[in-house]
Amino acid sequence: MISSIKYIRHLYARAGFGIRFEELKQAENLSVKQAVAGLFKASETIIPADIIAGNISYKDFLQANEGTKKMFLQEQRQQEKALNIDWINKMSTSDAQLREKMTLFWHNHFACRTQNAWYAQQLNNIQRNNAVGNFKTLLLEVSKAPAMLQFLNNQQNQKNHPNENFARELMELFTIGRGNYTEQDVKESARAFTGWGFNKQGSFVARPALHDTGQKTFLGNTGNFGGEDIINILLAKKETARFICTKLYKYFVNETPDALHINAMAEVFYSNNYELKPLLEFVFTADWFYAEKNTGNLIKAPVEFIVGLNRQFYITYQNPDVVLQFERALGQVLFYPPNVAGWPGGRNWIDSSSLMYRIKIPSTVLNGGVIDFSGKVDPEDEAFIATTRKQKEAVTTKVQAQADWDKFLNSIPGGTGKTTIAQTILATSISSNITEIINKTTDTKTLVIELVSTPEYQLC
């Protein structure tokens, strides 16, 4: 494939969170293949989330007095916030942006909520460690993670009283997809996962006394199956490769699936025993990945939007809680997916309220202004919003944000024209609206603030 700066910009918009001018300068003489290799090389480094030091079991919590419970809940809320902000910072500053972008993908694929920040951190690190590794390894580790076992009730799954929740979601959402299994397969799979749970130290345990040792028939196979056998049978089906590739196609390429391209992806994935690196290399070096119809056509998820802004302008927050309010207002709070199916994405990210905030946030952050928060909220924040309504005032917060304008402006190579700046900031083609902005602005700072405040900036 011919080297093209346009292709490199597109690659970084999808495989990362957008390209900085300093990265563009380093990549301008690379072929696409070399740029892809560079993204993988930078993502070999794994910096785990390591801010939650310990785990208090639910049993200990129940046995505590009211004062201790209250303190525990307050600490837990702070831990959840800290974990969220830590991950935003990783995505905003790490060179391993392909790994973090894939961690974000798995965070939604294996959507999970837990009240225990220690478990949430464990799961996040499992997804980060295996983000560009092997899907089978990732699936097995996620299936044994306390956060997931708790969320999908497998802790209660035991012989004579099987709980089908985990078994169902494993097939419907994590592997083979709806329509490729029967209700009987769900029942038999649930029996195989009986006894899978975790101890109070937050470690996986298989409890033989609770396991159903009888014969099971699952997807046409019969045997004395355990959970790992079920996972192996699911991965032996090419439908699993196709299901994962469809989701990855929608995440990286286009919301409208292309059967030909997805089938080609599935062949690569399946024949490489579910290794993710060969699959992603195949996608990022395919001609169709760079086709006009697949460029500047995806709506940034709220977290991608926030992180992209942070990365481009080296933004730091004196009050990190502001980032959480951005997430709430735009409808994507990390570690709080709406349900087990995750965030639906695509056009669902935008409504009249969230679009208004999206357009307003960049100039507000870059100018340290004031923003009114009353957009989309997590259901658990309803009480908070209700309180503010009673006070008959909007939730306004001083955005204590600092963009490093000197670093940003100095990273733009001397002699770079305004149109090139616009092409680097935006993933879309230069429209008449953007041309008008380019023509009327005289200084670079004003130009970029205008550009990031356009609807076009919402696309990647």
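Since we're looking at a predicted model, the values are computed, not measured.
The aromatic ring centroids of Trp196 and Phe166 lie 6.0 Å or more from each other. You'll find the ring centres of Phe408 and Phe21 inside the 6.0 Å limit. Between Tyr12 and Phe17, the ring centre distance reaches or exceeds 6.0 Å. You'll find the ring centres of Phe204 and Phe198 outside the 6.0 Å limit. Not less than 6.0 angstrom separates the ring centroid of Tyr336 from the ring centroid of Trp343. Ring centers of Trp349 and Phe305: at least 6.0 Å apart, outside the cut-off. The six-membered or imidazole ring of His261 lies away from that of Phe289, with a centre-to-centre distance of 6.0 Å or more.
Looking at Asn124 and Arg128, their side chains come closer than 4.5 Å, going by heavy atoms from C-beta outward.
We find that Glu100 and Lys90 are not joined by a salt bridge, their nearest charged nitrogen and carboxylate oxygen being 4.0 Å or further apart. Between Glu75 and Lys70 there is no salt bridge, since none of the side-chain N atoms of the basic residue sits less than 4.0 Å from a carboxylate O of the acidic one. Here Glu44 does not pair with Arg99 in a salt bridge; the nearest charged N to carboxylate O distance is not below 4.0 Å.
Each salt bridge (Lys or Arg N to Asp or Glu O under 4.0 Å) pair with one or both residues in residues 241-250, not counting sequence neighbours, would appear here, but there are none. Sorted by first and then second residue, the pairs that involve residues 5-27 and meet salt bridge (Lys or Arg N to Asp or Glu O under 4.0 Å), not counting sequence neighbours, are Lys6-Glu292, Glu23-Arg311. Sorted pairs that involve residues 405-422 and meet salt bridge (Lys or Arg N to Asp or Glu O under 4.0 Å), not counting sequence neighbours, are lacking altogether.
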